[in-house]
Each structure stands twice: as C-alpha cells, then as structure tokens.
There are 2 protein chains.
Amino acid sequence: MARLSDIIESFLKEMIIEEEGTVEIQRNELASKFNCVPSQINYVISTRFTADKGYYVESRRGGGGYISIKRLNIDSDNDYLMHIITSIENRISQLTAEVFIQNFVDYNIIKPREAMLLKAATSDKVLMLVPVERRDEVRAAILKNMLMGLTVL
Amino acid sequence: MARLSDIIESFLKEMIIEEEGTVEIQRNELASKFNCVPSQINYVISTRFTADKGYYVESRRGGGGYISIKRLNIDSDNDYLMHIITSIENRISQLTAEVFIQNFVDYNIIKPREAMLLKAATSDKVLMLVPVERRDEVRAAILKNMLMGLTVL
DNA sequence: GTTTATAATAGTCAGAGATAGTCAAATAAG
DNA sequence: CTTATTTGACTATCTCTGACTATTATAAAC
C-alpha cells in the first residue's frame with residue numbers, strides 16, 4: 001500500500017504544476033481530504049518540500065490561515081544559489097557568510113543593497129542575544145532562508 | 001477564505017490613496033458595509049494603522065462621530081526609516097514585522113525582492129533555534145540592523 | 001441660558017473561533 | 001534493528017464577536 005505521505009506529496013506537486021509554480025492550501029482542509037491528522041501535512045512538507053529540494057514555504061495561523069509552497073525557478077543564477085544553499089552546513093561563521101555574500105555580488109547575482117541586507121541579517125552583532133553555541137546555526141538558517149527567497153523572487 | 005481584516009485594510013488604504021493621504025469614516029457604517037461588528041473596525045485600525053506604521057488616527061464619539069486616518073507625510077525615505085527604527089521596541093512579533101515590511105513596499109521605500117529578504121530573515125521559521133522567550137528580541141535586532149543598513153546604502 | 005435626558009456615536013477587553021506548529025509516542029516499513 | 005510514517009495531545013497565533021463603557025451632540029425642561 002502506497003504511503004499516505006507519498007500520495008499527499010504527489011497531490012501537492014501536481015497542484016504546483018497546474019498552478020505554475022505555487023500552491024496555497026489550508027492545512028485542515030487538506031488533512032480532511034486525505035483523512036489524516038493535520039500534523040501529517042507538516043510532516044509531508046518538512047520531509048518533501050524542503051529548501052534543499054527547491055521549495056519555499058510560508059504560512060500563517062489564525063482565521064484565514066494558510067500554507068503556501070513555491071517551487072523555485074531553475075535558471076543559472078538560481079542553480080548557483082541552490083548549489084551554495086545546499087553546500088551550507090547547519091552552521092556557518094560570520095566570516096564565511098560574508099565571503100559567500102561577496103561572491104554573489106561579484107557574480108552579479110545580487111545587488112549591493114541586497115548584499116548589505118544579507119550581511120546585516122547574519123552579523124554577529126545582531127545575533128548577540130543568541131547563545132554562542134547556537135549562533136552559527138541560527139546564522140545558517142537565516143542565510144539559507146534568505147537565499148531561498150532570492151531564488152523565488 | 002480571505003480575512004475580513006485584510007479586506008477592510010485594503011479598502012481603507014485605497015481610500016487613503018484616492019483621497020491623497022487621509023480618510024474619514026463612520027465606524028458603524030463601515031462595519032455594516034462589511035457585515036461585521038463595529039469593534040472589528042477597531043481591530044483593523046489597531047493592528048494595521050498604528051502610529052508606528054506611519055498613520056495618525058483621530059476619532060470622535062457622539063452624534064456625527066467619525067474616525068479619521070491620516071498617513072504621515074514621508075519627507076524622505078531615510079526619515080521614515082529612522083522613524084520606524086526608533087519606534088521598534090526591543091521585541092517584535094513576526095506579524096508586526098511583516099506589516100512594517102509591507103508598508104515599506106507600499107511606500108516604495110524598498111523593492112519586493114528586498115522585502116522578501118527582510119521577511120525571510122525575520123520569520124519564525126528561521127528563528128526556531130532561538131529559545132522562544134528570546135525570539136522576538138532577536139527578530140527586533142535583525143530587523144533594526146537591516147533597516148539601518150538601508151538608510152545608508 | 002443652564003441643566004438634564006436621550007440618542008448617537010466610538011472604545012475596550014475578554015473570550016470564542018479558526019487556524020497552523022511542535023513534539024514525542026506508537027506503529028509500520030525496510 | 002533502524003528509520004520513516006502516523007497519530008494526537010498540547011501549544012501558539014491571529015481573527016472575530018459581543019457585552020459593557022465612555023463620550024458627544026441634540027433636544028427638552030426649567
């Protein structure tokens with residue numbers, strides 16, 4: 001018997017194709033369509049629609065809440081970005097992050113202003129409140145998410 | 001289902017644009033136009049048209065009462081940014097941050113791609129590894145630092 | 001004119017409703 | 001045995017509602 005997660009995965013992927021790259025769902029609705037608990041939707045998303053695999057996920061709670069999944073475009077800039085994203089480990093130092101960012105500017109993948117935003121968001125200064133032992137992990141998460149976004153917009 | 005609050009918000013914002021910076025409404029009238037309780041109007045105003053976000057709200061009760069919303073003049077992008085930066089407390093929720101960011105886009109202070117970077121860097125998703133009691137503080141630090149950068153570059 | 005009553009507004013706040021997220025235990029698959 | 005999946009209890013966040021309160025204008029009474 002096919003796994004439910006796989007079924008939900010392909011359902012979402014088909015919708016993404018139909019909608020040309022993006023889908024917006026309501027978690028509970030989708031769950032009841034497949035007769036499963038809502039948290040299974042989270043499971044599917046977190047195992048199959050990860051950044052590594054080229055998807056960008058946003059959500060909002062409360063009345064009218066939603067989950068949206070966007071498939072990243074694949075062109076050469078994005079290829080390069082994706083390559084970098086997957087190469088970033090779970091932790092990254094400020095210095096290494098800056099080197100990556102500078103490379104993007106040098107290769108004309110991002111504008112200086114965008115580079116500044118990336119640097120500002122990943123500097124030690126800003127992560128002072130994060131316990132030292134977690135700092136590089138948080139930095140990696142921020143950087144990856146920002147780069148992911150760049151591949152979409 | 002789209003959120004009523006969002007619909008009312010855009011209705012008001014459009015009126016503000018049409019009327020060149022100001023709108024005056026009657027709470028009950030607006031509420032019945034959108035088939036909601038009057039206090040929902042207060043909710044929309046208090047979550048989307050705060051002083052922090054560059055709006056000035058006045059009202060008056062009693063016969064002929066009204067609510068007026070004025071958009072503050074933005075002399076220069078930097079002034080506006082500085083105004084926002086100083087108004088941000090030491091902690092900020094994801095939603096509040098998003099509203100700020102959207103306002104920057106609406107006012108043409110930043111580009112959509114830059115907005116995406118700001119959102120990506122301040123989302124809960126990315127701050128998962130930060131202890132929840134510190135999360136809003138870290139978010140505020142990141143946001144402020146990024147905005148500071150924008151005033152320079 | 002001043003005072004008082006009434007009607008017409010708007011404001012506040014707590015709770016209900018509507019979503020989505022997290023995490024760990026139970027179960028199934030490989 | 002190890003890993004992946006499924007489940008559900010608990011939590012977090014955002015929105016909507018309604019009862020109660022506060023303020024202002026206007027009309028009525030004096």
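Since the structure is predicted, the reported quantities are computational estimates derived from the model, not experimental observations. Just the heavy atoms: all of them, side chains too, but no hydrogens, waters or symmetry mates, feed the values below. A, B, ... follow the sequence lines: proteins, then strands. Residue 1 opens every chain.
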When we call it a touch if two heavy atoms are under 4.0 Å apart, what does [X] touch: a base, just sugar-phosphate, or nothing?
X       : answer
B/Gly65 : sugar-phosphate
A/Arg48 : sugar-phosphate
A/Ser39 : base
B/Tyr43 : base
B/Gln26 : sugar-phosphate

Worksheet item: Between A/Gln40 and A/Ser5, is any side-chain donor less than 3.5 angstrom from a side-chain acceptor?
Response: yes

Worksheet item: Does a donor on one side chain and an acceptor on the other come within less than 3.5 Å for B/Lys13 and B/Asn103?
Response: yes

Distance, rounded to the nearest Å, where [X] contributes [atom1] and [N] contributes [atom2]:
X        : N      : atom1 : atom2 : result
A/Tyr66  : C/dA18 : OH    : P     : 19 Å
B/Ile45  : D/dC16 : CD1   : P     : 14 Å
A/Ile8   : D/dT7  : CD1   : P     : 9 Å
B/Ile7   : D/dC16 : CD1   : C1'   : 13 Å
A/Gln40  : C/dT27 : CD    : P     : 16 Å
B/Ile41  : D/dG18 : CD1   : C1'   : 15 Å
B/Asp124 : C/dT22 : CG    : P     : 8 Å
A/Arg61  : C/dA20 : CZ    : P     : 10 Å

Worksheet item: Checking A/Lys70 against A/Tyr55: charged group under 6.0 Å from the ring centre and within 45 degrees of the axis?
Response: no

Practice prompt. Give a yes/no verdict on a cation-pi contact between B/Lys125 and A/Tyr56, requiring under 6.0 Å between NZ or CZ and the six-membered ring centre and an angle within 45° of the axis.
Written response: yes

Item to complete: Look at the side chain of B/Arg27 against the base of C/dG11 and say whether a donor-acceptor pair falls under 3.5 Å; ignore hydrogens and angles.
Response: yes

Discussion item. Let's test your reading of the model: under 3.5 Å, does the base of C/dA10 pair with the side chain of B/Arg60 as donor and acceptor?
Written reply: no

Worksheet item: Is the closest basic N to carboxylate O distance between B/Glu98 and B/Lys119 below 4.0 Å?
Response: no

Discussion item. OP1 or OP2 of C/dA8 versus the side-chain N and O atoms of B/Asn28: is any pair under 4.0 Å?
Written reply: no

Practice prompt. Please state whether the phosphate of C/dG21, meaning OP1 or OP2, lies under 4.0 angstrom from any side-chain nitrogen or oxygen of A/Ser59.
Written response: yes

Select one nucleotide: of [options], the one nearest the side-chain heavy atoms of [X].
X       : options                : answer
A/Asn42 : D/dT17, C/dT22, D/dT21 : C/dT22
B/Val37 : D/dG18, D/dT7, D/dT24  : D/dG18
B/Cys36 : C/dA20, C/dA10, D/dT17 : D/dT17
A/Leu4  : D/dT15, D/dT6, D/dA12  : D/dT6

Worksheet item: Going by the angle between their ring planes, with limits at 30° and 60°, are A/Phe34 and A/Phe11 parallel, tilted or perpendicular?
Response: perpendicular

Worksheet item: Mapping B/Asp6 and A/Asn35 to their closest nucleotides on DNA chain D, which lands nearer the 5' end?
Response: A/Asn35

Worksheet entry | Earlier contact from the 5' end, DNA chain C, for B/Ile67 and B/Gly63 | B/Gly63

